[in-house]
There are 2 protein chains.
Amino acid sequence: MSWDLQTDRPIYTQLIEQMEIRILSGVYPSGSRLPSVRDMAQEAAVNPNTMQRALSQLEEAGLLVTHRTSGRSVTEDAQMISQAKRKLAREQIETFLENMGRLGFDHAEALLLVSGMLEEMKK
Amino acid sequence: MSWDLQTDRPIYTQLIEQMEIRILSGVYPSGSRLPSVRDMAQEAAVNPNTMQRALSQLEEAGLLVTHRTSGRSVTEDAQMISQAKRKLAREQIETFLENMGRLGFDHAEALLLVSGMLEEMKK
DNA sequence: ATTATTGTATTAAGCGCTTAATACAATAAT
DNA sequence: ATTATTGTATTAAGCGCTTAATACAATAAT
């Protein structure tokens with residue numbers, strides 16, 4: 001699981017997004033413990049402060065729980081996680097339709113283009 | 001046509017994206033002249049230097065042409081524009097499928113979710 | 001001919017992000 | 001009891017982005 005970070009926007013926001021995806025997709029399952037801030041920072045080739053910043057915001061969002069001296073873990077509220085996952089998926093679809101709309105494709109056309117591309121990829 | 005700019009990433013990159021969309025979707029048609037840098041900067045509530053930076057990069061990309069003292073205009077190469085539009089649409093679909101994939105949905109599922117949401121929106 | 005408009009360039013300042021270095025308190029591990 | 005590990009906090013420096021102020025050359029408009 002690689003951390004590919006772009007330079008065109010703040011690293012800590014990218015860390016937040018990627019961590020969120022890992023949590024929602026089950027890479028870090030509900031209740032599981034995370035590596036230490038320092039370890040995760042090193043793995044992502046990032047300063048510990050920057051990783052700390054991202055993690056503390058994920059805690060604020062309710063996805064992570066901090067145990068002062070024994071590290072952090074993913075929330076045990078599995079329902080919250082699956083709810084967040086559905087919400088994020090919905091948002092992905094909305095942004096996609098919005099983006100296509102700005103290019104001049106309505107919803108029906110966008111759907112057609114997606115299924116068309118999937119057909120192509122089958123071959 | 002509003003310029004809603006976020007603070008989470010550089011303004012000039014957002015200007016580039018939004019200008020590109022306006023060009024590809026025909027808001028600024030092929031061959032049409034753009035307002036001056038100063039005017040566009042004021043309209044977007046941005047410093048002229050920032051707008052200049054975005055426009056000069058769009059010129060580098062071949063979408064804009066500069067006429068030293070009589071302003072800028074959109075390239076007259078209509079074919080290039082439509083090609084860029086197709087390319088951008090394709091990229092939108094790919095990113096969407098990629099994002100859904102990271103959340104744990106395969107291509108078929110993603111397509112189903114889109115059509116599902118469109119059904120909902122009809123009601 | 002004169003004026004206004006065009007893109008362009010330069011300099012200085014402020015700001016947030018990122019890194020680096022360092023330190024501390026709490027507590028799990030030994 | 002001692003040690004190692006944990007999250008956390010602070011300070012200073014560098015960097016790119018953004019703004020502001022200003023100026024210049026080229027040329028369209030008058």
Side-chain angles (χ1 to χ4, degrees), chain A residues 2-20 22-23 28-76, chain B residues 2-20 22-23 28-76:
Chain A
S2 62
W3 296 85
D4 80 302
L5 300 167
Q6 314 296 326
T7 56
D8 67 335
R9 59 206 183 97
I11 295 179
Y12 83 97
T13 55
Q14 300 182 59
L15 292 177
I16 291 175
E17 289 172 4
Q18 298 199 20
M19 275 302 297
E20 188 180 10
R22 284 166 198 225
I23 293 169
Y28 294 131
S30 176
S32 69
R33 195 190 151 180
L34 297 181
S36 75
V37 183
R38 292 170 177 81
D39 286 353
M40 296 192 70
Q42 191 172 19
E43 193 194 315
V46 148
N47 191 275
N49 294 336
T50 307
M51 183 57 80
Q52 161 75 12
R53 189 172 182 174
L55 295 182
S56 67
Q57 291 207 18
L58 284 166
E59 187 185 357
E60 208 174 324
L63 286 177
L64 295 183
V65 180
T66 301
H67 317 290
R68 198 59 180 79
T69 58
S70 60
R72 280 193 177 83
S73 57
V74 180
T75 174
E76 298 195 0
Chain B
S2 61
W3 296 85
D4 80 303
L5 300 167
Q6 313 297 325
T7 58
D8 66 335
R9 60 209 183 93
I11 295 179
Y12 83 97
T13 54
Q14 299 181 59
L15 293 176
I16 292 175
E17 289 171 4
Q18 298 198 20
M19 277 301 299
E20 189 179 9
R22 284 164 197 227
I23 294 169
Y28 294 131
S30 176
S32 68
R33 195 189 149 182
L34 296 183
S36 75
V37 184
R38 293 169 177 79
D39 286 353
M40 298 193 69
Q42 192 171 20
E43 193 194 317
V46 148
N47 191 277
N49 293 336
T50 307
M51 183 58 80
Q52 160 74 13
R53 189 171 181 175
L55 295 181
S56 67
Q57 291 208 17
L58 283 164
E59 187 186 357
E60 208 174 323
L63 287 176
L64 295 183
V65 180
T66 301
H67 316 291
R68 196 61 180 77
T69 59
S70 59
R72 279 192 178 83
S73 57
V74 179
T75 174
E76 299 196 358

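Remember, predicted model here, so these are calculated numbers, not experimental data. In what follows, chains are A, B, ... by sequence order, proteins preceding strands, each numbered from 1.
- If you take CG of B:Leu34 and P of C:dG7, they are 9 Å apart, rounded to a whole angstrom.
- Atom CD1 of A:Ile16 is separated from atom P of C:dC17 by 11 Å (rounded to the nearest Å).
- For the segment residues 48-58 of chain B, the set of residues with a heavy atom within less than 4.0 Å of an atom of DNA chain D comprises B:Asn49, B:Thr50, B:Arg53, in numerical order.
- D:dC24 is paired with C:dG7 under the Watson-Crick or G-U wobble criterion, all donor-acceptor distances under 3.5 Å.
- Rounding to whole angstrom units, CZ of residue A:Arg38 and P of C:dT19 are separated by 16 Å.
- Between B:Leu5 atom CG and D:dC17 atom P there is a gap of 16 Å when expressed in whole angstrom units.
- Taking 4.5 Å as the limit, every side-chain heavy atom of B:Thr75 sits out of range of all side-chain heavy atoms of B:Ile23.
- Side chains of B:Gln57 and B:Thr13 form no contact here, defined as non-hydrogen atoms less than 4.5 Å apart.
- Distance from the side chain of A:Val37 is smallest for D:dG7 among the nucleotides D:dT6, D:dG7, C:dT8.
- Pairing for D:dT19 goes to C:dA12, judged as Watson-Crick or G-U wobble with the two contacts each under 3.5 Å.
- Of the nucleotides present, D:dT30 is the one that pairs with C:dA1 by Watson-Crick or G-U wobble criteria, both distances under 3.5 Å.
- Distance CG (B:Leu15) to C1' (D:dT19): 14 Å, rounded to an integer number of Å.
- Closest approach of A:Ala44 to A:Leu15, counting heavy atoms only: CB-CD2, 4.4 Å.
- Within the 4.5 Å cutoff, no side-chain heavy atoms of B:Leu63 are placed close to those of B:Met19.
- Between B:Thr69 and C:dT5 there is no side-chain polar atom (N or O) within less than 4.0 angstrom of OP1 or OP2.
- Rounded to whole angstrom, the span from the CZ atom of A:Arg68 across to the C1' atom of C:dA28 amounts to 13 Å.
- Residue B:Glu76 comes nearest to B:Gly31 through the heavy atom pair CG-CA, 3.9 Å, listed as atom of the first residue, atom of the second, then distance.
- Counting only heavy atoms from C-beta on, B:Pro10 has its side chain closest to D:dC17 among D:dT6, C:dT8, D:dC17.
- For B:Ser70 and D:dA28, the shortest distance from a side-chain N or O to OP1 or OP2 is not below 4.0 Å.
- Per the geometry, CG belonging to A:Asn47 stands 13 Å off P belonging to C:dT22, to the nearest Å.
- B:Arg72 comes within 4.0 angstrom of sugar-phosphate atoms only, judged by non-hydrogen atoms across all strands, and of no base.
- A donor-acceptor pair shorter than 3.5 Å can be found between the side chains of B:Arg72 and B:Thr66.
- Whole-Å rounding puts the A:Tyr12 OH to C:dG16 C1' distance at 9 Å.
- Between the side chains of B:Glu43 and B:Trp3, at least one donor-acceptor pair of N or O atoms lies under 3.5 Å.
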